[in-house]
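Below is one structure, written out as structure tokens; comments come after it.
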Amino acid sequence: MPDMISFIDLKAQRERLKDQIDAAVIKVLDEGRYILGPEVSELETRLAEFAGAGQALSCANGTDAILIPLMAWGIGPGDAVFVPAFTFASTAEVVVLAGASPVFVDIDPDTYNMCPESLAAAIASVTEAGELTPKAVIAVDLFGQPANYPALAPIAREAGLKLVSDCAQAYGSTLDGQASLAWADALTVSFYPAKPLGGYGDGGAVLCKDEVLYAAMKSVRVHGEGTARYEYARIGLNSRLDTIQAAILLAKLSVFGDEIQMRQRVADRYRAGFGNAVKVPHVISGAQSTWAQYTIEVERRDDFRAHLAEQGVPTAIYYPIPLHLHKPYASYPVAPGGLPVTEAAAHRVLSLPMHPDMSDADVDQVIAAVAGWEN
Ligand SMILES: Cc1ncc(COP(=O)(O)O)c(C=O)c1O
């Protein structure tokens, strides 16, 4: 039996960037400005530049990054926020934390991102029912590729809703050369270590173009602080990014563009090597994915998984149970017709090893294992 390869290899990246990162961390320790030190503002400037945004506000994690704009807009009890169910918990959790109600929307069967028709139908049905006031849409850029913003943004705009891009998995992705902020009111990022741009701990950021939103979010980030210290204008959070994490992320950001291309190379080799053996990811026209995950679909997933494990290939399932089927979320509304595409995808998807430092030999091992599967 071949040796098990890595699903994601953070050690290899650490080796590659060791000198820069160690020096950056030691500088922060020597200078002692652990909270909101100069590296934090430098990172915010660089994040905004990279995504062509007006402003970037760092925060404690990618979950708070979605919660912060909702709080800044005053979204709360009686409000509806439209979210996919085929996503990580945070996307819907923040809506409930803000006191509002998530409304679950179905996905596109090829990209797994929010389905524009299902969104339009969900907005119409919530409006007609009249119990909740539609306020915002959170589209997720799942597995690294942007949602279909050219179709989603006009639907949100026409209904007067804010549009958030939950870009936790896809910071650095583009559509027609632009970050999703070209369509969305806010773009939110996670720096969880396994994310394409990951720190060595938790971290997050929100990007936006609107000065008023930025000022309100900055206040939310530090306990709702007003114009003076210890004067509070709103209810807020303690959600700052540590200076040490900012320093690490600055070092990683300098090679991030190259790493996206390294991931793209793995994805290209997979696609060429797999042929028609499995359903390979579909990236929408004009999009650059960050390849946070390389997710395929197969029949008889459990058997296929066991076969890959025997060939030394680890796998993961994102996500085995869609959010609307979990107990804490089961009472919230779903789009008319339910979420059949979401529920089908949850039974079929499987993510394969993907990271920028994957060797040709490891990629070959995955391709051979997939090719050796007799359906
Ligand atoms: C789609 C999505 N949204 C939000 C988050 C939350 O990010 P964090 O773990 O940094 O809070 C994640 C991270 O797993 C995610 O995948």
Side-chain angles (χ1 to χ4, degrees), residues 7-8 10 43 47 56-71 81-98 102 104-105 107-108 111-114 136-149 152 163-173 179-181 184 186-207 217 220-221 237-242 245-246 248-249 252 281 289-295 316-324 326 329 342 345-346 349 351 354-355:
F7 186 75
I8 169 171
L10 296 177
L43 176 71
L47 288 171
L57 184 84
S58 60
C59 61
N61 53 65
T63 305
D64 283 1
I66 325 172
L67 179 59
I68 287 171
L70 299 185
M71 289 175 73
V81 178
F82 300 85
V83 298
F86 198 59
T87 177
F88 186 65
S90 306
T91 315
E93 183 181 44
V94 293
V95 178
V96 181
L97 286 173
F104 292 107
V105 173
I107 53 167
D108 175 274
T111 63
Y112 313 115
N113 281 331
M114 187 181 268
V137 178
I138 306 175
V140 176
D141 303 332
L142 202 70
F143 303 147
Q145 77 158 314
N148 185 356
Y149 290 101
L152 296 171
L163 178 57
V164 178
S165 155
D166 175 354
C167 205
Q169 304 182 6
Y171 178 74
S173 68
S180 51
L181 200 62
L187 179 163
T188 69
V189 192
S190 165
F191 301 127
Y192 182 79
K195 295 287 188 267
L197 182 59
Y200 288 163
D202 279 312
V206 198
L207 279 61
M217 294 197 304
V220 171
R221 173 172 73 175
L237 305 168
N238 171 8
S239 189
R240 296 169 295 228
L241 178 74
D242 291 343
Q245 292 307 332
I248 292 164
L249 287 162
K252 291 198 175 195
S289 175
T290 57
W291 296 107
Q293 303 296 341
Y294 190 95
T295 303
I317 298 175
Y318 305 112
Y319 296 91
I321 307 172
L323 290 184
H324 68 296
H326 291 264
Y329 297 103
T342 298
V349 289
S351 300
M354 166 59 78
H355 60 90

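First listed ligand is number 1; within each ligand, the first listed atom is number 1. Computed from a prediction, not measured in an experiment: that's the story for all the values here. In what follows, every heavy atom counts, from backbone to side chain, and hydrogens, waters and symmetry copies are set aside. Residue numbers run from 1 in the order of the sequence given.
- The shortest N or O to N or O distance between Asp166 and ligand 1 is below 3.5 Å.
- Contacts with ligand 1 closer than 4.0 Å are made by heavy atoms of both the backbone and the side chain of Thr63.
- Close approach to Lys195 involves these atoms of ligand 1, each under 4.0 Å from a residue heavy atom: 12 (C), 13 (C), 14 (O), 16 (O).
- In this structure, Thr188 OG1 and Leu57 CG are separated by 12.0 Å, a value rounded to the nearest 0.5 Å.
- How far CG of Leu152 is from OG of Ser165: 10.5 Å, rounded to the nearest 0.5 Å.
- In terms of protein heavy-atom proximity, atom 9 (O) of ligand 1 is closest to Ser190 OG, 4.1 Å.
- Atom numbering of ligand 1 starts at 1 in the shown order; those under 4.0 Å from a heavy atom of Gly62 are 6 (C), 7 (O), 8 (P), 10 (O), 11 (O).
- Of the N and O atoms on the side chains of Ser173 and Ser289, not one donor lies less than 3.5 Å from an acceptor on the other residue.
- The CG atom of Leu10 lies 9.0 Å from the NE2 atom of His355; values are rounded to the nearest 0.5 Å.
- If you number the atoms of ligand 1 from 1 as listed, the ones under 4.0 Å from a heavy atom of Val140 come out as 1 (C).
- Within ligand 1, the atoms closer than 4.0 Å to a non-hydrogen atom of Thr87 are 1 (C), numbered from 1 in the order shown.
- For Thr342, the side-chain contact (heavy atoms from CB on, under 4.5 Å) partners are Ala85, Phe86, Asp106, Ile107, Pro322, His324, Leu339, not counting sequence neighbours.
- Looking at Ala168, Ser90, Ala194 and measuring to atom 2 (C) of ligand 1, the nearest heavy atom belongs to Ala168.
- Protein heavy atom at the shortest distance from atom 16 (O) of ligand 1 is Gln169 NE2, 2.9 Å.
- With rounding to the nearest 0.5 angstrom, the CG atom of Asp141 is 10.5 Å from the CE atom of Met114.
- Listed by chain and residue number, Tyr112 satisfy the ring-ring contact (aromatic ring centres under 6.0 Å, His included) test with Phe143 (two or more places apart in sequence, or in another chain).
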